[in-house]
Amino acid sequence: MLLDVLQAAEAGGFTLIQDTVKCSGRGILKCFINAALKRGEDVHVLGFEASETEVCAGLDNSCVQKLYFHKGFPDPLGWMCRSSFTVDQLTSQHITKLIKDAQHAKASVLVIDSLSFVLRHHDPVVICQRLQELRKGGDIKMIISLLHSDLHLQGVVGIVSHLASTVISVAPANYEHHTVAMTTRRTKSGKVMQEEEYFSVSEDATLSVQAKSRQSGHVQKEQDVAEADPTTNLTFNLRLSEEERKAKEKVALPFVFSQEKKSALLRPTPGSGRIVYEPDASDDFDEEDPDDDLDV
Amino acid sequence: MFPELNSILNSTPDSLKSSDFILVSDRQADASFLIHHYLSFYLRAGCKVCFLGLVQSFSHYSAVGQRLGVSLTQAREKGQLVFLEGLKDSIGALLQEESSQGTQPLSYLRSPAAGLKGLFRFVESSVRQNGGRDDGESWGPPVLLIDDLSVLLSLGVTVGAILDFTLYCQATVCSELQGNMVILVRCEEEDADDDEEGSNLLQRGLVHQCNLALHVEGLPTGYCRDIHGQMEVWWRQSGETMYNQRKIFHFKVYDKGASFFARGTSSAVL
């Protein structure tokens, strides 16, 4: 499914790539940029955390003219007064103007690297509203962004993931040099599809999916040796015969309150002790049984 | 300078890697011996060093530096070392009469919410200074050392402001000037509500940005007289490939150095 998302050309999509310290998602982001460039689309990159050379390294040289890198990186907050794009300028009017200035009326792809930086400086709700405006605006075909999910509260990550039509979470796999991507895709009809795949990114920013992982959540090493039966080869007997098993099942467990025990307890036995209680003046003696409402 | 650490990290004063952002962190241990290592390493390599010493006095580093074979006083006089003594200058910053420019290096002491722009300006100006050596040559690529960054959290600076500061430093020192950066961060015990603003969040944010992360902890099995702790080396390649490599070494700190060895090969064991 990862390759489908990479090549898909649906309009109004928002793809979110989530990564953690254990595994960086920039490789996949670069694959997305490369795929969009190869399709002939304009790619506008809002770079806040990585430099232009880093983002453009390995991309196809013939299509690099269609890549517009809006330099947030050396100065994303305007401290040095020499940035061309600050984080405050991420508004729908400004972005639409930037895209129209690029003079190509074709579909544009907006890449945000990274959304974590933006969320550090602006309210998540405001950012989600702006992203939604950009999606519905019509000038942008697709928005792709990177989010470091371990740097935000879970709620914030959840808000942004809900907005996205596709969420790709990358994580390291059990054995070295492999990374796992869990792709969750929500179609327009509301159907949600999920898939987990091993993938790798090559030097020239192409994605190759190795194999589909097994049941998600179970990444076990192959057990070559079948589990041995531990009750064989012992000097004592651990097995039960039929009668022994029946007798075991008949045993009444001590703390289980079964019907027989209850009736045995409630039956008054002759000669048992009786408790005589004389309340004195300051005692608040309530005749009601406090356990009356218990259904035992 | 610890020769064994140099061979583990594959770098010597003569063959430096440039544009490196090295993060040194610790959890319930003391990783400041690595800061002393890097200080002597870069001074020996002839680099221009800007050191933000926020937690100890200059004489402390100078005394340890002498044991490792470098003289910090001489380096400072020659102009190779720019030292911001946080402890001594903080009194002056707090007692200043006029509410002067917010661009003073320690302006975060008076208004922590305003961020670390002043500190960054100090770093930028000291790193861009072109003062040459006595023999006419210029110093090597600039190096920024910070000891330690997590103390700013307890002074009221937010994690976001610190991460912005390190991003700007990385942009200037590593990307633009091809220099190196070494930052020490001290983390607290992992809590259940780990999403809260704190040193763990700061450490994760810095690991995302860095090239090499050295994490020092005590041994998981407890105290040992012969092994002072374990150090995890995490090589993170920025951007292209996602294949990181992590290795754990044990170390023992001596009076004049530290020795590093693979797990299980301590001299007390073999």
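A, B, ... follow the sequence lines: proteins, then strands. Residue 1 opens every chain.
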- Query: Where on T20(A) is there a heavy atom nearer than 4.5 Å to chain B: the side chain, the backbone, both, or neither?
  - Reply: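 Interface part for T20(A): backbone (N, CA, C, O).
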
- Message: Does any backbone or side-chain atom of F48(A) lie under 4.5 Å from a heavy atom of chain B? Answer side chain, backbone, both or neither.
- Response: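 Only the backbone of F48(A) comes within 4.5 Å of chain B.
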
Is it true that [X] and [Y] have a side-chain N and a carboxylate O under 4.0 angstrom from each other?
X: K117(B); Y: E124(B); value: no
X: R246(B); Y: E232(B); value: yes
X: D150(A); Y: K22(A); value: no

- Which residues in residues 148-163 of chain B have a heavy atom less than 4.5 Å from any heavy atom of chain A?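 When heavy atoms of chain A are the reference, residues 148-163 of chain B contributes G160(B), L163(B) within the under-4.5 Å range.
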
- Item | Near-ring test F83(B)/F51(B), centroid separation under 6.0 angstrom |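 Close enough - the centres of the two rings lie under 6.0 Å apart.
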
- Message: Aromatic contact between F33(B) and H37(B), with the criterion being ring centroids under 6.0 Å apart: yes or no?
- Response: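 No, ring centres 6.0 Å or more apart.
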
- Item | Option passing side-chain contact (heavy atoms from CB on, under 4.5 Å) with I144(A) (candidates L29(A), I168(A), L16(A), I33(A)) |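 That would be L29(A).
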
- Query: For H122(A), what residues pass the side-chain hydrogen bond (donor to acceptor under 3.5 Å, both in side chains) criterion, not counting sequence neighbours?
  - Reply: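 side-chain hydrogen bond (donor to acceptor under 3.5 Å, both in side chains) check on H122(A) returns D88(A).
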
